[in-house]
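One structure is given here, and the rest of the page talks about it.
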Amino acid sequence: MRLFDPASGLPLALALRLVTIAVTLLAGRRPTLARRVAFIGSAIASVVTGMTAAATLYAGAPLHGVLLVHRASQFSLSYTVDGLAAWFLAVLSILAVPISVFSIGYVADDRLRHRSAFIGVAFNALVGAIELVFAAGDAFTFLFAWELMTLASAALVVTEHEERSTRRAAYRYLVMSHVGTGCLIAGFLVLAAAAGSLSFRAMLAGHVVSGPMRDGVFALFFLGFGVKAGIIPLHVWLPEAHPAAPTNISALMSSVLIKTGIYGIVRVCAFGLGVPRLSWGVFVIALGGLSAVLGVLYALMQHDLKRLLAYHSVENIGIILLGLGAGMMALTYGRTEVAWIGVAASLYHVLNHAVFKGLLFLGAGDVVMATGTRQIEQYGGLLRRMPWTGLFFLVGAMAISGLPLLNGFASEWLTFQAFLFGFRSSTEPLVHFLFPVGGALLALTTALAAACFVKAFGISFLALPRSRAAADAHEAPAVMLVPQACLATLCLALGLFPGVVLRVLGGVLAALPGLQPQADIARSGWGMASPLGSFDHVVPLILGAALLGGLAVAGFLTARRGVAVRRVPTWGCGGELDARTEYTATAFSKPLMMIFRAVYRPTRQVETLAEVSPYFPQEVRYRSEIEPTFERYVYGPLLRTVLRVADSMKVLQAGSLHAYLAYVIVLVVSLVLLVWWRG
């Protein structure tokens with residue numbers, strides 16, 4: 001007798017969430033009890049989901065089932081957990097458990113305590129909806145879960161609805177999400193009409209549609225999923241919604257929710273519509289490079305910590321698309337070994353980004369709760385007051401910067417290999433142009449991300465406090481630190497043992513059409529390689545051992561010579577150093593803003609306040625802004641056009657009963673003529 005049956009794992013997890021929601025509502029008048037029930041119940045349900053995903057990945061056989069059946073109407077909610085769904089469910093579980101534990105302490109804050117029941121219920125609904133999105137077996141179940149996920153996340157974004165900016169962020173998120181959902185509905189209707197079924201097995205079997213219709217369906221799905229993923233230029237909701245939501249919700253949205261868009265692109269656009277066209281792969285690489293570079297450039301100019309992290313989500317979605325685009329182009333040319341590396345790099349980075357971005361957002365939650373502000377300029381000196389938070393944030397910053405030994409390096413190295421190996425092994429001119437460009441954009445993105453997190457960590461945690469709130473900050477409770485410790489450890493483990501991850505991914509990719517197993521990519525679980533030869537493999541554990549060995553030798557030599565440590569004041573050019581003489585986030589970003597001024601199109605305003613003489617100012621006020629390019633030149637004209645068309649259509653609603661009857665008569669006659677003509 002087995003203690004756990006994977007076939008019933010997903011229904012059990014969803015049933016646990018429903019029970020948790022019911023008990024949380026009953027305990028709504030007791031915030032502490034409601035909070036603990038909601039998030040402990042969510043963590044248990046996520047563990048069950050994770051066990052289901054792990055069992056599927058281990059066995060290599062998909063799970064099928066039905067959650068709900070209404071026999072009279074033939075309505076049903078079905079699920080299928082195959083390799084790809086199991087991978088994304090595993091990513092969700094890995095993040096949902098620590099975020100749930102973190103939320104027990106975070107929601108206890110004075111600002112959120114009285115909303116404990118609401119946040120707990122909506123959180124369980126959101127995680128359950130994401131689980132069903134990944135496991136949906138037909139279009140109806142998918143769209144039901146997709147819309148539930150959107151509504152639950154929008155409700156959580158507007159938790160602190162007293163602020164106008166929060167309401168505006170939730171509204172923008174809902175508008176963009178429903179435009180994307182409309183595109184998905186249209187795409188599924190086309191596929192269902194062609195396949196004669198709503199089942200994914202029939203709809204996504206390959207060439208269900210062909211010719212220009214296939215291109216149109218790809219465009220619909222890419223637009224619909226791209227909105228949720230936050231791909232530029234569909235990203236405008238993301239930097240508004242992530243900062244507005246409570247930080248535990250921001251962590252879940254950034255690490256997992258936007259990955260539902262990536263899941264849809266992989267499931268439908270890359271492998272569900274047959275062999276990708278060359279133009280599709282080119283399009284994905286182009287948007288991936290644009291999202292990666294512009295995402296990190298906009299992040300560099302942000303001084304709101306959560307908004308900075310939100311733009312880095314756009315950047316990392318771009319990195320994921322770069323690997324996937326390389327794989328799609330390789331599939332077009334029949335280069336399955338290159339496609340395997342590209343898609344593996346993309347899915348590997350899905351996991352890595354979820355882990356280090358979840359860690360960074362949880363660290364930001366500690367800082368925001370301790371200081372009461374999201375502005376980096378108001379921080380400083382936090383490392384002395386919050387040493388554990390600072391350590392974990394530093395690990396996440398190093399991981400997202402792609403430094404060796406941590407997980408960000410592993411997946412980005414593999415993405416580079418997709419471009420390098422694809423370039424060397426191909427004779428196609430377009431590959432010889434696009435793959436080096438893609439590799440160069442990835443290198444630029446990685447360097448700029450490192451610069452951005454030097455600013456984020458250095459200005460926030462080092463030097464002296466710049467405000468009373470920073471000076472009075474204190475470390476977060478253990479219930480909020482333990483989840484960060486787990487994620488930081490996972491960042492290290494995923495970076496040191498990439499071969500283990502690639503072996504698991506081998507089973508996932510084997511179930512995708514057109515990909516052949518590449519067993520030589522994973523080197524004994526310790527390292528990874530590409531088919532280029534013996535010079536392009538890497539074993540992070542050996543690099544780590546060499547680094548530790550070098551530090552040990554340096555420490556031994558220092559101790560042997562008896563070098564004494566002296567502590568002296570920092571030289572301040574003859575003056576005393578205080579918080580006013582520190583480097584600010586604005587000053588740090590200024591050189592890069594000047595270098596990329598063609599992208600930023602900055603404006604600045606300097607105001608000098610003097611009482612006696614302008615040569616002896618009492619105060620200097622400096623304000624700098626960058627141009628909101630997409631809002632001004634893309635969405636602004638689009639919104640004005642829509643409003644103008646809507647205004648011109650007001651004449652149809654004339655208030656005349658005769659006019660409305662005429663509309664009905666014209667419609668009925670048109671339908672009769674259409675049926676007669678087609679018959």
Side-chain angles (χ1 to χ4, degrees), residues 35 38-39 42-43 46 88 91-109 111-112 119-120 122-127 129-131 149 152-157 159-160 169 173 228-230 238-260 299 304-317 350-370 374 389 392-393 395-397 399-400 407-408 453 456 476-477 479-491:
R35 184 170 60 251
F39 293 114
S42 178
S46 295
F88 280 87
V91 173
L92 172 61
S93 301
I94 289 171
L95 269 296
V97 173
I99 292 174
S100 297
V101 177
F102 176 89
S103 299
I104 297 174
Y106 181 78
V107 180
D109 187 60
R111 298 179 300 108
L112 302 173
I119 296 176
F123 183 88
N124 275 277
L126 175 58
V127 178
I130 296 175
E131 290 172 346
M149 174 184 70
S153 55
L156 287 165
V157 167
T159 297
E160 299 181 73
Y173 171 55
K228 193 68 71 178
L238 194 150
E240 303 294 333
H242 282 40
T247 306
N248 60 329
I249 306 304
S250 302
L252 185 64
M253 291 179 68
S254 183
S255 58
V256 183
L257 184 140
I258 61 175
K259 302 305 192 314
T260 59
D304 180 320
L305 183 57
K306 290 178 66 176
R307 193 176 176 89
L308 179 148
L309 294 177
Y311 271 113
H312 274 289
S313 294
V314 177
E315 170 222 337
N316 281 273
I317 288 295
V350 165
L351 172 61
N352 288 340
H353 173 253
V355 173
F356 59 63
K357 184 52 68 65
L359 173 60
L360 288 168
F361 261 112
L362 296 189
D366 285 355
V367 173
V368 172
M369 191 171 75
R374 303 197 306 254
T389 297
F392 299 144
F393 193 92
V395 172
I400 198 173
N407 57 342
F453 277 94
V479 72
M480 297 172 64
L481 292 175
V482 170
Q484 296 175 60
C486 295
L487 291 176
T489 303
L490 198 56
C491 283

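No hydrogens, no waters, no symmetry mates; every other heavy atom, side chains included, goes into these values.
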(Q) My understanding is that only residues two or more places apart in sequence, or in another chain, count here; which of them pass side chain to side chain donor-acceptor pair (under 3.5 Å) with Ser100? (A)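 Result, side chain to side chain donor-acceptor pair (under 3.5 Å) vs Ser100: Ser42.
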Q. Taking only residues two or more places apart in sequence or in another chain, which ones pass side chain to side chain donor-acceptor pair (under 3.5 Å) with Asp366?
A.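 Expected list: Thr389, Gln484.
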So, the side chain of [X] versus the backbone of [Y]: is there a donor-acceptor pair under 3.5 Å, distance only?
X: Arg307; Y: Pro239; value: yes
X: Arg35; Y: Ile104; value: yes
X: Tyr173; Y: Val157; value: no
X: Asn124; Y: Ala38; value: yes
X: Ser254; Y: Ser250; value: no

Taking all non-hydrogen atoms of both residues into account, name the closest pair between [X] and [Y] and its distance.
X: Ser93; Y: Pro98; value: O-CD, 4.4 Å
X: Val91; Y: Ala354; value: CG1-CB, 3.6 Å
X: Gly358; Y: Leu487; value: C-CD1, 4.0 Å
X: Leu360; Y: Phe393; value: CD2-O, 3.6 Å
X: Val127; Y: Ser46; value: CG1-OG, 4.1 Å
X: Met369; Y: Pro477; value: CE-CD, 4.3 Å

Q: Over 60° means perpendicular and under 30° means parallel, so classify the ring planes of Phe39 and Phe123, tilted if in between.
A: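 Rings of Phe123 and Phe39: perpendicular, as their planes differ by over 60°.
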As an exercise, state the distance from [atom1] of [X] to [atom2] of [Y], rounded to the nearest 0.5 Å.
X: Lys259; Y: Ile130; atom1: NZ; atom2: CD1; answer: 10.5 Å
X: His353; Y: Asn407; atom1: NE2; atom2: CG; answer: 10.5 Å
X: Ile94; Y: Leu490; atom1: CD1; atom2: CG; answer: 6.0 Å
X: Leu92; Y: Leu252; atom1: CG; atom2: CG; answer: 7.0 Å

(Q) Test side-chain contact (heavy atoms from CB on, under 4.5 Å) on Thr489 and Val395; report intermediate values, then the result. (A) CA-CA 9 Å; Thr489 303; Val395 172; over 6 Å; no
Are any non-hydrogen side-chain atoms of [X] and [Y] less than 4.5 angstrom apart?
X: Val355; Y: Leu351; result: yes
X: Ile99; Y: Ser103; result: yes
X: Phe361; Y: Ser255; result: no
X: Lys357; Y: His312; result: yes
X: His242; Y: Leu309; result: no

Q) Are Phe102 and Val479 close enough, and set up right, to give a side-chain contact (heavy atoms from CB on, under 4.5 Å), and what steps lead you there? A) CA-CA 6 Å; Phe102 176 89; Val479 72; over 6 Å; no
**Q.** Passing option when Lys228 is tested against Leu257, Ile258, Leu238 for side-chain contact (heavy atoms from CB on, under 4.5 Å)
**A.**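 That would be Leu257.
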Q.
Apply side-chain contact (heavy atoms from CB on, under 4.5 Å) to residues Thr159 and Ile249 and explain how you reach the verdict.
A. CA-CA 10 Å; Thr159 297; Ile249 306 304; 5.7 Å; no
Q.
What verdict does the side-chain contact (heavy atoms from CB on, under 4.5 Å) test give for Phe356 and Asn316, after you've listed the backbone C-alpha separation in whole Å, the side-chain angles of each residue and the deciding distance to 0.1 Å?
A. CA-CA 11 Å; Phe356 59 63; Asn316 281 273; 3.6 Å; yes
